[in-house]
S.K.: 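Below are the structure tokens for one structure; questions will follow.
The chains referred to below are lettered A, B, ... by the order of the sequence lines, with proteins before strands, and numbering in each begins at 1.
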2 protein chains.
Amino acid sequence: MEKTIHGRPYIETKKGPILTPCAPNGVLARLGDKWTILVMSILALDPARALRFSEIKNGIPDISQRMLTLTLRNLERDGLVTRHYFAEVPPRVEYELTPMGKTMLPALEGFTGWIRDNWQAIEQARQRFDRAGRS
Amino acid sequence: MEKTIHGRPYIETKKGPILTPCAPNGVLARLGDKWTILVMSILALDPARALRFSEIKNGIPDISQRMLTLTLRNLERDGLVTRHYFAEVPPRVEYELTPMGKTMLPALEGFTGWIRDNWQAIEQARQRFDRAGRS
DNA sequence: CCGCATCCCCGATGATACTG
DNA sequence: CAGTATCATCGGGGATGCGG
């Protein structure tokens, strides 16, 4: 009886389908936050290479130290990024994608690729919509 | 000189790559909000069929009337959804995916498909991480 | 160099009540 | 039935300073 769309289970009723709240929603919300995709993109530039905290920070304009720390901590918690701490002076910390993190790249590529191909059309649609607004 | 990763332009410097802020970031932020993907998923169940406001609302547990209205308005503004108003009593309003909206489905499917295949591993990673925390 | 704690602001979201 | 208006709330995220 239970089917799925986009990984989300739903049930058919006489009044139509009803999406069932489930774990994937939470994962999607995490990945869709303000910085996660950008951090993943930076690490994806050369998936074989580990990057220092400061290299990542420099690569993402406007991200604060606090938000980068939080974002990396969440990615580490989710098993998508590994953290390597070197107890030197001054300390050095490197991050790299885990095997699971690397499997995400093609899926991410498909989604961001669509955006790359369509964001201009979206921009135009927005302008048309806004212009039509004040009649 | 300029390359792109995941649709985002970046520049190479001696200190490493730097992502350039650009429009796609805004589009991603919109799609990543709390309800947009869920609304798209409902409309994707049968892309050929238009759904009434109340049908969509019933299909998404816990969404408020206000947030559904706002989400649909944004999708309409972005050119991803069309709104059809029927001046009857009581009024009837139907929504359906635009052609551009439909082109988004495969990309979305790829991304949510990865989540479907990996969210359990992510859950486990989180539990491991949290358990390791309190030492 | 890297990360955490604290304070603070604002926008996203929700609850409720009211119109065409 | 669908949408709007208003008010309350909550958490993301920015700024700053300290600590290892």
S.K.: As an exercise, state the distance from OG1 of A:Thr71 to CZ of A:Arg73, rounded to the nearest 0.5 Å.
M.R.: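 Nearest 0.5 Å value for the OG1-CZ distance: 10.5 Å.
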S.K.: For the hydrophobic clusters of this structure (ILVMFWY residues joined by side-chain heavy atoms under 4.5 Å, transitively), does one cluster hold both A:Phe86 and A:Tyr95?
M.R.: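 As far as the 4.5 Å side-chain criterion goes, A:Tyr95 and A:Phe86 are not connected within one cluster.
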S.K.: Given side chain to side chain contact (heavy atoms under 4.5 Å, CB included), test B:Met40 with B:Leu97 step by step and report yes or no.
M.R.: CA-CA 8 Å; B:Met40 290 297 289; B:Leu97 295 174; 3.7 Å; yes
S.K.: Taking DNA chain C as the partner, which of residues 34-59 of chain A come within under 4.0 angstrom of it by heavy atom?
M.R.: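 Only A:Arg52, A:Phe53, A:Ser54 qualify.
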S.K.: Assign A:Phe86 to base, sugar-phosphate, or nothing according to its heavy-atom contacts below 4.0 angstrom with the strands shown.
M.R.: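 A:Phe86: no heavy atom of the nucleic acid under 4.0 Å.
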S.K.: Show each protein N/O and nucleotides 6-8 of chain D N/O combination with a separation under 3.5 Å, one pair to a line.
M.R.:
| residue | atom | partner | partner atom | Å |
| --- | --- | --- | --- | --- |
| D:dT6 | O4 | B:Arg66 | NH1 | 3.4 |

S.K.: Mind checking whether B:Phe111 and A:Phe111 have parallel, tilted or perpendicular rings, split at 30° and 60°?
M.R.: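 Answer is parallel, since the angle falls under 30°.
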S.K.: Rounded to the nearest 0.5 Å, how far apart are CD1 of B:Ile122 and CD1 of B:Ile115?
M.R.: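 Spacing of CD1 (B:Ile122) from CD1 (B:Ile115) equals 7.0 Å.
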S.K.: Could you measure the distance from the CG atom of B:Leu68 to the OG atom of B:Ser54? Nearest 0.5 Å is fine.
M.R.: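 Between B:Leu68 CG and B:Ser54 OG, I get 9.5 Å after rounding to 0.5 Å.
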S.K.: Group every Ile, Leu, Val, Met, Phe, Trp and Tyr by side-chain heavy-atom contacts under 4.5 Å, then state whether A:Ile56 and A:Tyr85 land in the same group.
M.R.: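 Yes: a chain of side-chain contacts under 4.5 Å links A:Ile56 to A:Tyr85.
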S.K.: Give a yes or no answer on whether the side chain of B:Asn118 reaches the backbone of B:Ala121 with a donor-acceptor pair at less than 3.5 Å.
M.R.: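 Answer holds: no.
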S.K.: So, taking the atom named OG1 in B:Thr36 and the one named CG in B:Leu72, what distance separates them when rounded to the nearest 0.5 Å?
M.R.: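 So the OG1 of B:Thr36 and the CG of B:Leu72 are separated by 9.0 Å.
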S.K.: Return one dot-bracket line describing DNA chain D 5' to 3' (Watson-Crick or G-U wobble pairs, both distances under 3.5 Å; ( ) same strand, [ ] crossing, | another strand, . none).
M.R.: ||||||||||||||||||||
S.K.: Heavy-atom contacts under 4.0 Å between residues 67-80 of chain A and DNA chain D, which residues?
M.R.: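 DNA chain D contact set from residues 67-80 of chain A: A:Met67.
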S.K.: What residue among A:Glu94, A:Glu96, A:Arg92 forms side chain to side chain donor-acceptor pair (under 3.5 Å) with A:His84?
M.R.: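 Of A:Glu94, A:Glu96, A:Arg92, side chain to side chain donor-acceptor pair (under 3.5 Å) with A:His84 is met by A:Glu96 alone.
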S.K.: With a 4.5 Å cut-off on side-chain heavy atoms, are A:Ile42 and A:Leu51 touching?
M.R.: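 Answer yes - side chains close enough.
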S.K.: Answer yes or no: is there a side-chain heavy-atom contact under 4.5 Å between A:His6 and B:Leu105?
M.R.: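 Yes, their side chains come closer than 4.5 Å.
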S.K.: Rounded to the nearest 0.5 Å, what's the gap from OG1 on B:Thr112 to CG on A:Leu28? Could you check?
M.R.: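 If we round to the nearest 0.5 Å, B:Thr112:OG1 and A:Leu28:CG are 8.0 Å apart.
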S.K.: Kindly indicate, with the supporting measurements, whether the criterion side chain to side chain contact (heavy atoms under 4.5 Å, CB included) is fulfilled by A:Phe129 and B:Asp78.
M.R.: CA-CA 8 Å; A:Phe129 186 89; B:Asp78 288 352; over 6 Å; no
S.K.: Quick check for you: name the first and last nucleotides of DNA chain C, 5' to 3', having an atom under 4.0 Å from a heavy atom of chain B.
M.R.: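 In short, chain B contacts DNA chain C from C:dT13 to C:dG20.
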S.K.: If you measure from CD on B:Glu55 to CG on B:Asn58, what distance do you get to the nearest 0.5 Å?
M.R.: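 The CD atom of B:Glu55 sits 8.0 Å away from the CG atom of B:Asn58.
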S.K.: Is there side-chain contact between A:Ile63 and A:Leu38, with heavy atoms separated by less than 4.5 Å?
M.R.: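 Sidechains of A:Leu38 and A:Ile63: no contact.
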S.K.: Do B:Gln124 and B:Gln127 come close enough that some side-chain heavy atom pair is under 4.5 Å?
M.R.: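 No, their side chains stay 4.5 Å or more apart.
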S.K.: Using a cutoff of under 3.5 Å, can you pull out all pairs of nitrogen or oxygen atoms linking the protein to nucleotides 18-20 of chain D, with atom names and distances?
M.R.:
none

